[in-house]
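Remarks on the structure that follows.
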Amino acid sequence: MPAAELWLGVDAGGTNIDAVVMDTHGHLVAKAKVAITADVHSGIGTAIERVVGHPDVDRARITRATLGTASAVEAIANPTALTRVAVVRIGGPLTLAVPPLTTWPVDLRAAVSAGERVVGGGADYDGRAAAPLDEDALARFRATVGPSAEAVAIAGVFSPVTPDQELLAAEIVRRERGAATHVSLSHEIGSLGLLERENAAVLNAALVSVIEDLARALDQTLSAEGIDAEPFFAQNDGTAMALGHALRFPLLMVCSGPASGMRGAAFLSGLEEAVVVDVGGRSTNVGVLVRGFPRSSSLPAQIGGVPLDFRMPDLVNVPFGGGSVVALDESPPSVGPDNVAHRLADEALVFGGRTTTLTDVAVAAGRARIGSRSLTAQERRALARGLPVVDATLAEAVDIATASTVAPALVAVGGASAILADDLPGASEVIRPVDGDMAGAIGVAIAPVSGQADRICPNRPDKRSQALEEARAAACARAIHAGADPDRVEVVEVDEVPLTYLLDPAVRIRVRAAGPRT
């Protein structure tokens, strides 16, 4: 009988890079944690080198390697490495009042945009063409932007209902600029709202160079370590996608870290319905598990100041973590925004430093037992003043996340989860799973693959039934393209929302499919 496969998972967060090797039975074979470095690529390489160097790891048995990283978000915040994008909106003349990228921060728009144009075309909500695609205007725009555009983003009015004009525009662009040209089509990424969907398509195209660099770095590291594994990348919903899919849709990585942490929390605790509190070195994320996955947000997202409308986990972010600096001389004590994060082992009081951090507060309260120096009785009394602030803030975040009168079970994970009280107000119990500090990397390693489809149709039984079947087929097809096993992919979520504000009643259908990796 051949030896069981092994799965490598790497979670590159804001403070540490965690790596694990899991077997197919869900056993943790090896783990490694390294501090984040200025060069994230080398840090990822170091983490992989350490974890696969464990004596229990047979590199020849590693068949897949999955990376979760905050690189996409960091690139948007510091946009010098982003790809230059030509933006085409198919919607003239009805959408000229609000030009493309109007809602973007000025500096980000300047870094990304190689030019924007609204051309004639678009569809009505029922799929009928509002006007034909103005191919001549598209050709003139392509000639104007020329070689300054490294990628193209195309967004059409109601293209999720009828993507024909986006597909035609993409065909024209690739015919003129070459088949290898990256073209982001909004109907493949976002939802129905034009501006938010357009923004998502543009950001997706802008992140192409980021994912290409990550893919090269991962490939080089795996080759150097003698690992022949299929590469995957973590997604925003706690699932993963194959390399080819990730190169087409890099935007799907932007919130993969918190989502992977929640998936890891579900796996480690055995709970599919719970609240996860993931405490890192810089910040804390609170989210709700539904059927073992992060609950999706029903509200438009915003990344780097850009409004978006595509699937994101519903999270409450608390801007403090284990490395946050605590000002005890204030009344009440304040936490943050200063943070020592990866310098914690040098600067925190419990390690012989001179900076008061939340980790020191947790140690003083007996919630954590780490450090190379014992706190004095006077220090413990002083640090205790920081506890009410921390507990009240986290309790409020849990209340906001759940919006429920029923006290939930909390799963505490993350490297600094010790700051969370065992008797947090509003929680029925606090569960601290073994290896919870590696929840993100474990969630990355075990992640299945998913795909989603969005449709809108007249609210009549025959049309609704047809649209539902089309959405199911499209969601399964996208999951398979992302790397799911075609024989085991299945629909896991169906949402139907009536659109009552239209003259003709319509319904919006959203379907998500998921399955294990091939």
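By convention here, the first residue in the shown sequence is residue 1. These figures come from a predicted structure and were not determined experimentally.
By the 4.0 Å N-to-carboxylate-O rule, E347 lies too far from R354 to be salt-bridged with it. The pair R291-E493 fails the salt-bridge criterion, with no side-chain N (NZ, NE, NH1 or NH2) lying under 4.0 Å from an Asp/Glu carboxylate O. Salt-bridge formation is detected for the pair R373/E379: a Lys NZ or Arg NE/NH1/NH2 atom is positioned less than 4.0 Å from an Asp or Glu carboxylate oxygen. K31 has a carboxylate O that lies under 4.0 Å from a charged side-chain N of D435, or vice versa, which qualifies the two as a salt bridge. Electrostatic pairing of R512 and D495 does not count as a salt bridge here, judged by no charged N lying under 4.0 Å from a carboxylate O. Classification of D11 and R263 as a salt-bridged pair fails, no side-chain N sitting under 4.0 Å from a carboxylate O. Electrostatic pairing of R216 and D213 counts as a salt bridge here, judged by a charged N lying under 4.0 Å from a carboxylate O.
Side-chain atoms of R248 do not come within 3.5 Å of backbone N or O of V183 as any donor-acceptor pair. In this structure, the side chain of N199 does not engage the main chain of V306 through any donor-acceptor pair within 3.5 Å. Side-chain atoms of R367 come within 3.5 Å of backbone atoms of I419 as a donor-acceptor pair (strictly under, hydrogens ignored). Here the side chain of E150 pairs a donor or acceptor atom with the backbone of R84 at under 3.5 angstrom. Between the side chain of H54 and the main chain of D56, a donor-acceptor pair closer than 3.5 Å is present. Checking side-chain atoms of T239 against main-chain N and O of Q235 turns up no donor-acceptor pair under 3.5 Å. With hydrogens and angles disregarded, a donor-acceptor distance shorter than 3.5 Å links the side chain of N236 to the backbone of C255. The closest donor-acceptor contact from the side chain of D360 to the backbone of V350 lies under 3.5 Å. A donor-acceptor pair is defined here as one N or O able to donate and one able to accept, closer than 3.5 Å; no such pair exists between the side chain of R478 and the backbone of A453. The main-chain N or O of P408 is found under 3.5 Å from a side-chain atom of S428 such that the two form a donor-acceptor pair.
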(request) Go through V430 and V277 one step at a time and tell me if the side chain to side chain contact (heavy atoms under 4.5 Å, CB included) criterion holds. (result) CA-CA 10 Å; V430 175; V277 182; over 6 Å; no
(message) Apply side chain to side chain contact (heavy atoms under 4.5 Å, CB included) to residues T24 and L6 and explain how you reach the verdict.
(response) CA-CA 6 Å; T24 53; L6 297 178; over 6 Å; no
(request) Decide yes or no on side chain to side chain contact (heavy atoms under 4.5 Å, CB included) for E49 and T221, but give the supporting numbers first. (result) CA-CA 8 Å; E49 179 184 357; T221 298; over 6 Å; no
(request) List the steps and the verdict of side-chain hydrogen bond (donor to acceptor under 3.5 Å, both in side chains) for T284 and N317. (result) CA-CA 6 Å; T284 299; N317 181 265; over 6 Å; no
(message) Before you tell me yes or no, could you show the steps for L214 and S71 under side chain to side chain contact (heavy atoms under 4.5 Å, CB included), namely the whole-Å CA-CA distance, both residues' side-chain angles and the distance that decides it to 0.1 Å?
(response) CA-CA 9 Å; L214 282 170; S71 296; 3.9 Å; yes
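Closest approach of L344 to F351, counting heavy atoms only: O-CD1, 3.6 Å. When all heavy atoms are compared, the tightest approach of N339 to G281 is ND2-O, 3.0 Å. Closest of all the heavy-atom pairs between L108 and G304 is CD2-O, 3.9 Å. Considering all non-hydrogen atoms of both residues, V389 and P333 come closest at CG2-O, 3.4 Å. Pairing each heavy atom of S324 with each of G321, the nearest pair is OG-N, 2.8 Å. For the residue pair P294 and P313, the shortest heavy atom distance occurs at CB-CB, 3.9 Å.
The distance from the CZ atom of R50 to the CD1 atom of I17 is 10.0 Å, given to the nearest 0.5 Å. Rounding to the nearest 0.5 Å places CG of D219 at 6.5 Å from CG of L222. In this structure, CZ in R197 is found 12.5 Å from CG in L308, a value given to the nearest 0.5 Å. Taking CH2 of W7 as the start and CZ of F232 as the end, the distance is 10.5 Å to the nearest 0.5 Å. Atom CD1 of residue I509 and atom CZ of residue R472 lie 9.5 Å apart, to the nearest 0.5 angstrom. Note: D18 CG to D437 CG = 7.0 Å, rounded to the nearest 0.5 Å.
Residues V390 and T393 fail the side-chain proximity criterion, which asks for heavy atoms closer than 4.5 Å. The closest side-chain heavy-atom distance from T355 to L349 is not below 4.5 Å. Between I431 and L410, every side-chain heavy-atom pair lies at or beyond the 4.5 Å cut-off. Residues H182 and S184 are in side-chain contact: their nearest non-hydrogen atoms beyond the backbone lie under 4.5 Å apart. Taking 4.5 Å as the limit, every side-chain heavy atom of E198 sits out of range of all side-chain heavy atoms of S186. Using a 4.5 Å cut-off on side-chain heavy atoms (C-beta onward), V290 and R295 make contact. Counting heavy atoms from C-beta on, the side chains of R369 and V363 never come closer than 4.5 Å. Between F249 and I189 there is a side-chain heavy-atom pair separated by less than 4.5 Å.
N285 and D278 share no donor-acceptor pair across their side chains, judged by distance under 3.5 Å alone.
Within a 6.0 Å radius of CD in E230, other residues, nucleotides and ligands contribute more than 12 heavy atoms.
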